[in-house]
Protein chains: 2
Amino acid sequence: MAQTDTVTRILDTAEVLFAERGFAETSLRTITSKARVNLAAVNYHFGSKKALIQAVFARYLDPFTVRFHHALDELEARHDDGVIPLEELLETMARTVLEVPAEKHSLKVFMKLLGLAYSQAQGHLRRYIQEEYGSVFTRFVELVRRATPELPDAERFWRLHFVLGTVIFTLSGLDALRDIAEKDYQEHVSVRDLIRRLRPVVVAALNAPLPPPALPRAKAS
Amino acid sequence: MAQTDTVTRILDTAEVLFAERGFAETSLRTITSKARVNLAAVNYHFGSKKALIQAVFARYLDPFTVRFHHALDELEARHDDGVIPLEELLETMARTVLEVPAEKHSLKVFMKLLGLAYSQAQGHLRRYIQEEYGSVFTRFVELVRRATPELPDAERFWRLHFVLGTVIFTLSGLDALRDIAEKDYQEHVSVRDLIRRLRPVVVAALNAPLPPPALPRAKAS
DNA sequence: TTCCGCTGGAAACAGTTGTTTTAAACATAA
DNA sequence: TTATGTTTAAAACAACTGTTTCCAGCGGAA
């Protein structure tokens, strides 16, 4: 069982280093030396650095999508009118996100990786995630649509991305923010605390009054 | 005046490339060849790649802080009780952010750079921005504090970062999101449209009801 | 004119990158 | 035993990185 050891040791080391420094700033030599495996092992087991990056994500996202689909199945079964209250949807998503990394890995690392996936160039990664895991997101959006029928489609689209930004930004920059917060307010902040604070804000954001209609752009003066 | 030409040509090219690919993924050779200047010009005029990166930010942030301080001065002068309504504060900030890049450069690039500054490792950049421009942010936070006296300090701290995440995330990923939105909703979205949509959401987020008090963490079962 | 500081061009520097190849060791299973 | 798939070791590969050096040209000042 030495083979599994090598693969998981590479993944464990790589995800931490990627989360700390980003993808381009982390060399294979740094990973393999810290993981105490041979340099060639990465290309042997994964094929390339790109594939390694995708594998790191897959290890989180595969169990997440499975669990999230299951959770949504149960939720839909409990509401036979097909309409699930917004709070329950958000609650379910939060619970699933919390559960998955808790099994073996750090939630902090997971969120930081998600943040990187959005901000780093790495076109192949965005494409990979979209193609591989886009369907869960689509399903979730459709359920949110039924839960907020009064919201115009375009408005809901944007607001979902607004709150997505809030969550990813906050949780992926958690370490730096936590340092500031603890220094200024002498208060320890766990991820669960943060989610507790996040919930009313997200609900309020989605239920905010509609913006005034767009005015035709006036000639600049 | 050939010297200024070279410097600004480097900056103009660098900011676009940085925004598109990130810092580590953009080599000096790519910049200098696209800008049609000599490779050595970067180290000659700026000293190093790090300094180039900081110079790119300074070109945006220097005029921004000046204008923002002025705008806040005027705002404080108009409210002699020292309390400025939250909506006015947000409105002023949005206007200033919109004005600065409009002079010469693209707002999209500016926001993407801000997003990179947060997510990319680049410790030197965060330190530089914090030391160089932290005071404007501190002033703004203090004004927000007076505008929302009912909010506990820690709660306001976190909510400000929540909305900061929303804005940076949305505006820095604008291109990708716009593509999806236009395909699905046949609606063109300008940055000003987005800010119009953003306003009620941000206000609602800051004014959301307080979360329930934290429960002591139960032993996992 | 001569001189000097600034700018630009081309080349070279030294180091790192991802990847591949060679080889030898190792375990497990047919 | 003979295979088979893993793992390590060491080295080399070609490409690319940021940085530095050397030298030619330039403008304006003496």
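As a basis for the values below, the full set of heavy atoms in this structure was taken, side chains included, without hydrogen atoms, waters or symmetry mates. So that the names make sense, note that chain A is the first sequence line, chain B the second, and so on, each numbered from 1.
Following rounding to the nearest Å, B:F46 (CZ) and C:dC6 (C1') show an atom-to-atom distance of 16 Å. Going from atom CZ of A:F23 over to atom C1' of C:dG18 covers 17 Å, rounded to whole Å. Here D:dA15 presents its P atom at 14 Å from CZ of B:R29, a figure rounded to the nearest Å. Distance CG (A:L28) to P (D:dA12): 20 Å, rounded to an integer number of Å. Atom CG of A:D5 is separated from atom P of C:dC26 by 18 Å (rounded to the nearest Å). Atom P of nucleotide C:dT19 and atom NZ of A:K49 are separated by 8 Å, given to the nearest angstrom. Rounded to whole angstrom, the span from the CG atom of B:N43 across to the P atom of D:dG18 amounts to 9 Å. What separates CG of A:L39 from P of C:dG18 is a distance of 9 Å, to the nearest Å.
Proximity of a side-chain donor or acceptor of A:K49 to a complementary backbone N or O of A:F23 within less than 3.5 Å is detected. Side chain of A:R156 to backbone of A:T148: a donor-acceptor contact under 3.5 angstrom is found. Within the 3.5 Å criterion, the main-chain N or O of A:D62 finds a donor-acceptor partner in the side chain of A:T65.
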- Query: What's the verdict on ring-ring contact (aromatic ring centres under 6.0 Å, His included) for A:F140 and A:F68, showing C-alpha distance, side-chain angles and the deciding distance?
  - Reply: CA-CA 9 Å; A:F140 180 72; A:F68 196 38; 5.7 Å; yes
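Toward the 5′ end of DNA chain D lies the nearest nucleotide of B:T30, the other residue of the pair B:T30 and B:N38 mapping further downstream.
Stretches of at least 3 consecutive Watson-Crick or G-U wobble pairs, with each checked distance under 3.5 Å, appear in DNA chain C as C:1-7 with D:24-30, C:9-13 with D:18-22, C:15-22 with D:9-16, C:24-30 with D:1-7.
The shortest distance between the side-chain N/O atoms of B:S27 and the OP1/OP2 oxygens of D:dC16 is not below 4.0 Å. Note on B:H45: every side-chain N or O is 4.0 Å or more away from OP1 and OP2 of C:dC6. Using a 4.0 Å cut-off, no side-chain N or O of B:Y44 falls inside it from OP1 or OP2 of C:dC6. Contact annotation: A:S48 side-chain N/O to C:dG18 OP1/OP2 distance is not under 4.0 Å.
Side-chain proximity of B:A40 to C:dG18, C:dG8, C:dA10: nearest is C:dA10. Counting only heavy atoms from C-beta on, A:T6 has its side chain closest to D:dT8 among C:dA11, D:dT8, C:dG18.
Within 4.0 Å of B:T26, counting heavy atoms only, lie sugar-phosphate atoms of the nucleic acid but no base atom. Using a 4.0 Å heavy-atom distance criterion, A:V37 is classed as a sugar-phosphate-only contact.
The aromatic rings of A:F64 and A:F110 lie tilted to each other, with the angle between the two planes from 30° to 60°.
The shortest side-chain heavy-atom distance between B:I10 and B:F46 falls under the 4.5 Å cut-off.
To the nearest 0.5 Å, atom OG1 of residue A:T26 and atom CZ of residue A:R21 are 5.5 Å apart.
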